[in-house]
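To start, the structure itself, in structure tokens.
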Number of protein chains: 2
Amino acid sequence: MPPPAKPLLQRQTVTAMVAEYIAAKIIGGDYPGGHQIRQEAIAAELGVSRIPVREALLQLEAEGLVVIRTHRGAVVSDLSADDAIDLFDARLLLEPFLVKKAIARMSNQDIANAERALQDYEAAISRGDPKELSRLNWAFHTALLEPSMRPRSMAVLQTLYSSADRYLRLQIEPLKAQTKALQEHRDIFAAYRLRDAVETSRLLKKHVADAAEEIVSQLKRGEAAV
Amino acid sequence: MPPPAKPLLQRQTVTAMVAEYIAAKIIGGDYPGGHQIRQEAIAAELGVSRIPVREALLQLEAEGLVVIRTHRGAVVSDLSADDAIDLFDARLLLEPFLVKKAIARMSNQDIANAERALQDYEAAISRGDPKELSRLNWAFHTALLEPSMRPRSMAVLQTLYSSADRYLRLQIEPLKAQTKALQEHRDIFAAYRLRDAVETSRLLKKHVADAAEEIVSQLKRGEAAV
DNA sequence: CAATGAAATATTGGATACGATCGTACAAGT
DNA sequence: ACTTGTACGATCGTATCCAATATTTCATTG
């Protein structure tokens, strides 16, 4: 019999835990853009060695959350307005395309999953926790696209999203924007449920474009302010 | 002062070297899909420790060349026909879009760079080294898109390409396909030089779509053969 | 003889220790 | 005072060693 202190069903590697930890800090805004991440500090903080920290940082670099320069450590990657345009333009191409593919293949179960994600998002608005809201927002998008059965494109989208995610929180925060996003989600889902690929795609595209415009203008104000 | 294009004298880290080494083996076909990569074997082969090998594998996983499963090691990722469709569909969205952006911003120097890349590709055909040809093929595509100033999208494209690259070698090898690709490259460049964004985009899209169709049908034959 | 289960082995994951590199402070020279 | 060279400290990169886990082998049993 093994001595399972806790790994009953969940067998997680330390590297993965550290990666989640750091990613949460970045996305949550605790580590702002440009912040230098010291391996030893993280290692001491979590009571682990530097090796898993290094490997976690490598993964995060692949996701675009940090930038590693040789012998100079990892820095939380900052987003310029140009970067945001870059990222969102790619999303604007991929998401409408994928949602069409998804509608062509989806089952009733998939529709139910998307509805559930929509309801979760809706329920979270009243609580108003930005991190949770951001997570559920993306969960809804993911639920819409999942039936497309395009794991590679989904992986790409994941990195595109997480690279801009923490800046989106600013946009999501105002209550007006939240309710606007919720209404858009509802409209998208309504068309989705009816398997209206063209309309769903159009609405989704507009939804993403609106978010893009909002975040870009915010970033530009921020850059001008500096 | 303009950005220093490239540090000509770059200190290479062992991890990066190992990553290049393994990537070359995979792309070159020495490690076929499904092949298990043993860290210690690589380490002994190169006379280094296992640490840089592990970190190199992490990077390669981010590029989609290998898949790592906990405590089970890394295996060279294999490509199904569905995967290929997935990857190429994403490329089909991004490349035509980016080339339009590129044409809108490009300088005469950028055109010269693309022409140079085209000539290099042309010159390599007579030598017929598949690896080199594949590299130069992608270099041409990259040269076309570089002026778009979209580093994030370019990074995405890089991973999309490298994931399918080694299978493209099969398609590129036959002489007829090579000359066909060359002619298409010439046509694309001709429109590019004239700053005809619509036509360039159209030709590029067709060029990628042809390659996609070729590789997908090959993969399907391969799967059927098994 | 097939199925099951437990040791043995192979391989990866992680910790500690050491060496290399970069940034900076400070001293010396012009 | 400004520049240049150098020593020091902080931090990262890598090697070596140990622990945890998956796979294989082989004995046992029905």
Side-chain angles (χ1 to χ4, degrees), chain A residues 1-23 25-26 31-63 65-77, chain B residues 1 3-4 6-23 25-26 31-63 65-77:
Chain A
M1 182 169 75
K6 58 178 176 179
L8 260 178
L9 198 59
Q10 188 145 17
R11 178 98 65 189
Q12 191 141 346
T13 179
V14 175
T15 297
M17 286 167 44
V18 174
E20 272 181 37
Y21 176 81
I22 300 177
K25 289 279 191 185
I26 294 176
Y31 298 161
H35 178 253
Q36 180 163 216
I37 298 179
R38 259 170 277 269
Q39 297 178 358
E40 193 143 12
I42 304 284
E45 206 170 324
L46 299 179
V48 300
S49 157
R50 269 178 38 225
I51 298 283
V53 176
R54 286 178 54 79
E55 304 194 337
L57 287 173
L58 276 174
Q59 293 182 191
L60 296 182
E61 185 185 35
E63 294 174 26
L65 288 179
V66 304
V67 175
I68 299 179
R69 281 182 310 178
T70 308
H71 288 284
R72 279 195 248 176
V75 178
V76 177
S77 61
Chain B
M1 186 157 63
K6 255 191 211 175
L8 217 59
L9 204 49
Q10 184 157 22
R11 290 197 182 280
Q12 183 106 315
T13 179
V14 175
T15 297
M17 285 168 45
V18 174
E20 272 182 37
Y21 175 83
I22 299 176
K25 289 278 191 185
I26 294 176
Y31 298 160
H35 177 254
Q36 179 163 218
I37 298 179
R38 259 170 276 269
Q39 298 178 358
E40 191 142 13
I42 305 282
E45 206 171 323
L46 299 181
V48 299
S49 157
R50 270 179 37 227
I51 299 282
V53 176
R54 271 159 55 180
E55 303 194 340
L57 288 174
L58 275 175
Q59 293 183 191
L60 295 182
E61 185 186 34
E63 294 174 27
L65 288 179
V66 304
V67 176
I68 298 179
R69 281 181 313 179
T70 308
H71 282 111
R72 281 199 239 176
V75 295
V76 177
S77 61

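In what follows, every chain begins at residue 1, and chains take the letters A, B, ... in the order their sequences are listed. If you're wondering where the values come from, they're calculated on a predicted model, not measured in any experiment.
- In this structure, A/I42 places its CD1 atom 13 Å from P of D/dT11, rounding to the nearest Å.
- Within the structure, every side-chain polar atom (N or O) of B/S49 is placed at least 4.0 Å from both OP1 and OP2 of D/dT14.
- Across all strands, B/L57 comes closer than 4.0 Å to no nucleic acid atom at all (heavy-atom distances).
- Regarding A/H71, its NE2 atom lies at a distance of 10 Å from the C1' atom of D/dT14, rounded to whole Å.
- Comparing B/E40 and A/R50 by the nucleotide of DNA chain C whose heavy atom lies nearest to each, the residue mapping closer to the 5' end is B/E40.
- Note: CD (B/E55) to P (D/dT14) measures 7 Å, nearest angstrom.
- Side-chain nitrogen and oxygen atoms of A/T15 include at least one within less than 4.0 Å of the OP1 or OP2 phosphate oxygen of C/dG14.
- In terms of phosphate contacts, A/Q36 brings no side-chain nitrogen or oxygen within less than 4.0 Å of OP1 or OP2 of D/dT11.
- For C/dT21, neither phosphate oxygen OP1 nor OP2 lies less than 4.0 angstrom from any side-chain nitrogen or oxygen of A/T70.
- Side-chain atoms of B/S77 come within 3.5 Å of backbone atoms of B/L65 as a donor-acceptor pair (strictly under, hydrogens ignored).
- Closest approach to the B/V48 side chain among D/dG13, D/dA15, C/dT16 is made by D/dA15 (side chain taken as heavy atoms from C-beta onward).
- In this structure, A/R69 places its CZ atom 14 Å from C1' of C/dT21, rounding to the nearest Å.
- Within the 4.0 Å cut-off from OP1 or OP2 of D/dT23, at least one side-chain nitrogen or oxygen of B/R72 is found.
- A/Q12 and A/E20 share a donor-acceptor pair across their side chains, judged by distance under 3.5 Å alone.
- Counting heavy atoms from C-beta on, the side chains of A/M17 and A/V48 never come closer than 4.5 Å.
- Among the nucleotides C/dT16, C/dT12, D/dA15, the one closest to the side chain of B/Q39 is C/dT12.
- Comparing B/R38 and B/R54, the nucleotide of DNA chain C nearest to each residue sits closer to the 5' end for B/R38.
- In summary, the side chains of B/R50 and B/Q39 do present a donor paired with an acceptor at a separation below 3.5 Å, with no hydrogens or angles considered.
- Put simply, CD1 on A/I51 is 13 Å from C1' on C/dT12, counting in whole angstrom units.
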Pair B/L57-B/I22, side-chain contact (heavy atoms from CB on, under 4.5 Å): steps then yes or no: CA-CA 8 Å; B/L57 288 174; B/I22 299 176; 4.0 Å; yes
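- Among the heavy atoms of the strands, none lies under 4.0 Å from A/I68.
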